[in-house]
**Q** 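The structure under discussion is supplied below as structure tokens; questions concerning it will follow.
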Amino acid sequence: MMLLSSLAYLYFLAAAALAVPAQEKRVHHQAGLSDHVHDDSQNYQYDHEAFLGKEEAKTFDQLTPEESKDRLAKIVDRIDTDKDGYVTHPELHQWIKHRQRRYIEENVNKHWKDYDENRDDKIAWEEYKNTTYGYYLGEEFSDVEDKDTYKSMLARDERRFKAADKDRDGIATREEFTAFLHPEEFDYMKDVVVQETMEDIDKDGDGKINLYEYIGDMYTMEDGESEPDWVQTERKHFGEFRDVNKDGYLDANEVAQWVLPGEVDHADNEAKHLIHETDTNKDGRLTLSEVLDKTDYFRTSTITDYGGMRVEEHDEL
């Protein structure tokens, strides 16, 4: 059976460099730069995938140091659009945003082939449902150990599909299917994003999120483990910033402000972060030598190939 979209749907890590806690994983609106924690004290995997992209990041891990530098040099040349020998913040910002867009396109194209059974360049709800759940539907999920969970997932997928289906004809165009797979990218889907977030975190089902649920969604303490600093910071953020009306809970409006802050540009933050960390002479731009001096840093960032697109000469911006 196909991987269920409810399981595949990622609540993206979107930690803003130097400004947002490491585990700020539920901020939507732009495609996630990485599924890893943005914590340079642990490793540079977030930056690796932001600069290279997820699949290219895996490829880089297999390269020799010489091969890594050669590929980085080609990428830097493509980022430097005005060919002045420097990578500026606007150029880096544009590159990361390009990688975000390409990730979404590739993701939709991959799933489109799976679900468009009759090849009419549309995906009906019945096509999606049968492809995703068809093996179990006739038996009402009787073969599944946790059939209630599957029924809930089916209902959730149907609700999201109908929300994405703007003309309510039960058939998704490519744009509508994109909204179904990536609701965080569409303003008209924001209520779905908030609703699903609430459902995921609100464990007691009282329609609001308390501090325990908020922290529990991000972190589970192991026996004998001390609470990390970022968790303590999140506790403060809950009370000082998230809980706007100071009633001890997050309601739907407060969750919307949390997970859909449209003014946050994570590609911009990541570009600033990468330049800050690798700009040796602090002139606000990167040379090829500065990038190559930090090969290990960049070979672990999303710039090099975001979300499965190889960085090849024919891959146009």
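Quick caveat: nothing in here was measured; it's all calculated off a predicted structure.
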**Q** Going by side chain to side chain donor-acceptor pair (under 3.5 Å), name the residues that satisfy it together with Trp112, two or more places apart in sequence or in a different chain.
**A** Asp121

**Q** Could you tell me which non-hydrogen atom of Asp283 sits nearest to which non-hydrogen atom of Tyr86, and how far apart they are?
**A**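 It is OD2-CE2, 4.4 Å.
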
**Q** For a 4.5 angstrom cut-off between non-hydrogen side-chain atoms, does Tyr214 reach Trp258?
**A** yes

**Q** For the residue pair Tyr133 / Asp157, report whether a side-chain donor-acceptor contact shorter than 3.5 Å exists.
**A**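 Asp157 vs Tyr133: donor-acceptor pair found between side chains.
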
**Q** Can you classify the ring geometry of Phe241 versus His237 as parallel (below 30°), tilted (30 to 60°) or perpendicular (above 60°)?
**A**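 It falls in the perpendicular class, over 60°.
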
**Q** Going by atom types only, do Glu117 and Thr131 share a side-chain donor-acceptor pair under 3.5 Å?
**A**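 Yes, a side-chain donor-acceptor pair sits under 3.5 Å.
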
**Q** Is a donor on one side and an acceptor on the other found under 3.5 Å between the side chain of Lys122 and the backbone of Arg119?
**A**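 Not confirmed, Lys122 side chain does not pair with Arg119 backbone.
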
**Q** Locate the shortest heavy-atom distance separating Thr278 from Leu274; write the atom from each residue and the value.
**A**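 Nearest heavy atoms, Thr278 then Leu274: OG1-O, 2.5 Å.
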
**Q** Set out, in order, the CA-CA distance, both residues' side-chain angles and the distance that settles side chain to side chain contact (heavy atoms under 4.5 Å, CB included) for Glu234 and Met218, then state yes or no.
**A** CA-CA 9 Å; Glu234 274 301 324; Met218 302 178 182; 3.7 Å; yes

**Q** With a 4.0 Å cut-off, would you call Asp116 and Arg174 a salt bridge?
**A** no

**Q** Nearest 0.5 Å, please: how far is CZ in Arg78 from CG in Asp80?
**A**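 Separation between the atoms: 12.5 Å.
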
**Q** Does this structure show an ion pair linking Glu158 with Lys129, if we count only N-O contacts that are shorter than 4.0 Å?
**A**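 Looking at Lys129 together with Glu158, the answer is no, because their closest N to O distance does not fall below 4.0 Å.
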
**Q** Search all heavy atoms of Arg160 against all heavy atoms of Leu181 and return the closest pair with its distance.
**A**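 Distance-wise, the nearest heavy atoms are NH1-O, 4.1 Å.
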
**Q** What distance do Leu72 atom CG and Lys294 atom NZ have between them, rounded to the nearest 0.5 Å?
**A**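 One gets 13.0 Å once the value is rounded to the nearest 0.5 Å.
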
**Q** To the nearest 0.5 Å, what is the distance between OG1 on Thr178 and CG on Asn109?
**A** 8.0 Å

**Q** Once rounded to the nearest 0.5 Å, what's the spacing between atom CG of Asn107 and atom OH of Tyr103?
**A**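 Between Asn107 CG and Tyr103 OH, I get 4.5 Å after rounding to 0.5 Å.
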
**Q** Would you sort out whether Glu254 and Arg242 count as a side chain to side chain contact (heavy atoms under 4.5 Å, CB included), showing the intermediate values?
**A** CA-CA 6 Å; Glu254 290 166 329; Arg242 311 287 187 228; over 6 Å; no

**Q** Would you say Thr173 and Lys166 make side-chain contact, with heavy atoms under 4.5 Å?
**A**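 Side-chain contact under 4.5 Å: no.
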
**Q** Angle between ring planes, Phe180 versus Tyr128, binned at 30° and 60°: parallel, tilted or perpendicular?
**A** perpendicular

**Q** Is the backbone of Gln257 close enough, under 3.5 Å, to the side chain of Asn253 for a donor and an acceptor to pair up by distance?
**A**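 Checked: no pair found.
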
**Q** Determine whether a donor-acceptor pair (N or O, by modelled atom type, separation under 3.5 Å) exists between the side chain of Lys83 and the backbone of Asp77.
**A** yes

**Q** Any carboxylate oxygen within less than 4.0 angstrom of a Lys/Arg side-chain nitrogen, looking at Asp114 and Lys110?
**A**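 Not counted as a salt bridge, because no side-chain N and carboxylate O are separated by less than 4.0 Å.
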
**Q** Any side-chain to backbone donor/acceptor pair from Arg168 onto Lys162? Under 3.5 Å, distance only.
**A**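 Here the side-chain-to-backbone pair exists.
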
**Q** Give me the one residue out of Thr81, Ile75, Val87, Val76 that meets side-chain contact (heavy atoms from CB on, under 4.5 Å) with Trp95.
**A** Ile75

**Q** Keeping Glu213 on the side-chain end and Asn210 on the backbone end, is there a donor-acceptor pair under 3.5 Å?
**A** yes

**Q** Is the CD atom of Glu227 crowded by more than 12 outside heavy atoms at less than 6.0 Å?
**A**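 Correct, the count exceeds 12.
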
**Q** Partners of Glu127 by side chain to side chain donor-acceptor pair (under 3.5 Å), sequence neighbours excluded?
**A**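 Scan of Glu127 (side chain to side chain donor-acceptor pair (under 3.5 Å), adjacent residues dropped) gives none.
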
**Q** In this structure, would Val108 and Ile171 fall into the same cluster of hydrophobic residues linked by side-chain contacts under 4.5 Å?
**A**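 Unlinked, Val108 and Ile171 end up in two clusters.
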
**Q** Kindly say whether Glu240 contributes a backbone atom to a donor-acceptor pair with the side chain of Lys246 at under 3.5 angstrom?
**A** yes

**Q** Less than 4.5 Å apart, any side-chain heavy atom of Phe186 and any of Glu175?
**A** yes

**Q** Roughly how far apart are Thr149 OG1 and Lys151 NZ, rounded to 0.5 Å?
**A** 11.0 Å

**Q** Has Tyr249 got a side-chain atom pairing as donor or acceptor with Asp243's backbone, closer than 3.5 angstrom?
**A** no

**Q** Give a yes or no on whether Leu211 and Ile209 share a hydrophobic cluster (residues Ile, Leu, Val, Met, Phe, Trp, Tyr; joining criterion: side-chain heavy atoms under 4.5 Å apart).
**A** yes

**Q** Mark yes when over 12 heavy atoms from residues, nucleotides or ligands other than Lys113 sit less than 6.0 Å from its NZ; otherwise mark no.
**A** no

**Q** Verify, without hydrogens or angle tests, whether Asp279 (side chain) and Ile275 (backbone) share a donor-acceptor contact under 3.5 angstrom.
**A** no

**Q** Is there a path from Trp230 to Met221 through hydrophobic residues (I, L, V, M, F, W, Y) whose side chains come within less than 4.5 Å of each other?
**A** yes

**Q** On a heavy-atom basis, which atom in Gln100 and which in Ala267 lie closest, and how many Å separate them?
**A** OE1-CB, 3.6 Å

**Q** Quick one: does His182's side chain get under 4.5 Å of Met189's, heavy atoms only?
**A**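 The answer is no; the side chains never approach within 4.5 Å.
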
**Q** Measure across Ile96 and Ala271 and return the closest heavy-atom pair with its distance rounded to 0.1 Å.
**A**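 Scanning both residues, the minimum pair turns out to be CD1-N, 3.9 Å.
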
**Q** Using a 4.5 Å cut-off on heavy atoms from C-beta on, say whether the side chain of Phe238 contacts that of Ile215.
**A** no

**Q** Any side-chain to backbone donor/acceptor pair from Glu184 onto Val193? Under 3.5 Å, distance only.
**A** no

**Q** Could you tell me if the side chain of Phe177 sits less than 4.5 Å from the side chain of His111, heavy atoms only?
**A** yes

**Q** Assess whether a salt bridge exists between Glu199 and Arg159, defined as any Lys/Arg side-chain N lying under 4.0 Å from an Asp/Glu carboxylate O.
**A**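 Here Glu199 pairs with Arg159 in a salt bridge, since their nearest N and O are under 4.0 Å apart.
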
**Q** Tell me if a side-chain donor or acceptor on Glu290 pairs with a main-chain N or O of Asn281 at a distance below 3.5 Å.
**A**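 Yes; judged by distance alone, with no hydrogens or angles, the pair exists.
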
**Q** Looking at every non-hydrogen atom in both residues, tell me the closest pair between Asp82 and Glu91 and how far apart they are.
**A** OD1-OE2, 3.1 Å

**Q** May I ask you to test the Ile79-Leu92 pair for a side-chain heavy-atom distance under 4.5 Å?
**A**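 They are in contact (side-chain heavy atoms under 4.5 Å apart), so the answer is yes.
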
**Q** Mind checking whether Asp251 and Asn245 have side chains closer than 4.5 Å, heavy atoms only?
**A**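 A side-chain contact under 4.5 Å exists here.
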
**Q** Nearest 0.5 Å please: distance from the OH atom of Tyr115 over to the CD atom of Glu126.
**A**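 So the OH of Tyr115 and the CD of Glu126 are separated by 14.5 Å.
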
